[in-house]
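These notes are about the structure you will find just below.
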Amino acid sequence: MCYCKGLKLINCRMVDTDLAFERSEVEATITTPVISIKNPMRGRIVVPQVGEVIRDLDGALGEVVVQRP
């Protein structure tokens, strides 16, 4: 799920997901832990757990919220 625009995910499972949402504009509520999220450009990603949030690109301002159930 990288390089997406206007992506909306509602209560989705993402199993064994690594480097998710790279350069994406996304509104997502994920119900499973994510290994890593990389450089989300815009939007909001809600996850119950994330191993790593990678921000190595200027302008990657997407919000990542860890919200435990």
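Applying the side-chain contact (heavy atoms from CB on, under 4.5 Å) test to Cys12 and every residue at least two apart in sequence or in another chain returns Leu9, Ile30. Take Asp58 and apply the side-chain hydrogen bond (donor to acceptor under 3.5 Å, both in side chains) test, not counting sequence neighbours, and it matches no residue.
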field: Worked check of side-chain contact (heavy atoms from CB on, under 4.5 Å) between Glu52 and Val50
entry: CA-CA 6 Å; Glu52 180 180 21; Val50 62; 5.8 Å; no
- request: In sequence, state the C-alpha distance, the side-chain angles, and the governing distance for Ser36 and Asp18, and then conclude on side-chain hydrogen bond (donor to acceptor under 3.5 Å, both in side chains).
  value: CA-CA 5 Å; Ser36 65; Asp18 192 17; 2.4 Å; yes
field: Evaluation steps, side-chain contact (heavy atoms from CB on, under 4.5 Å), between Ile10 and Thr29
entry: CA-CA 5 Å; Ile10 302 168; Thr29 303; 5.5 Å; no
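Considering OH of Tyr3 and CE of Met41, their distance stands at 10.0 Å, rounded to 0.5 Å.
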Tabulate below the donor-acceptor pairs under 3.5 Å that side-chain atoms of residues 59-69 make, not counting sequence neighbours, or state none.
{"from": "Glu63", "atom 1": "OE1", "to": "Arg44", "atom 2": "NE", "distance (Å)": "3.4"}
{"from": "Arg68", "atom 1": "NH1", "to": "Pro48", "atom 2": "O", "distance (Å)": "3.2"}

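Taking the side chain as every heavy atom from C-beta outward, Ile54 and Leu19 approach each other to under 4.5 Å. For the pair Pro40 and Arg55, the minimum side-chain heavy-atom distance is below 4.5 Å.
Tested against Lys38 for a side chain to side chain contact (heavy atoms under 4.5 Å, CB included), the candidates Asp56, Val53, Leu57 yield a single pass: Asp56.
No single ILVMFWY cluster, assembled from side-chain heavy atoms under 4.5 Å apart, contains both Phe21 and Ile35. In the hydrophobic clustering of this structure, Met14 groups with Ile45; members are Ile, Leu, Val, Met, Phe, Trp, Tyr whose side-chain heavy atoms approach within less than 4.5 Å, directly or through other members.
Closest heavy-atom contact between Cys4 and Ser24: N-OG, 3.0 Å.
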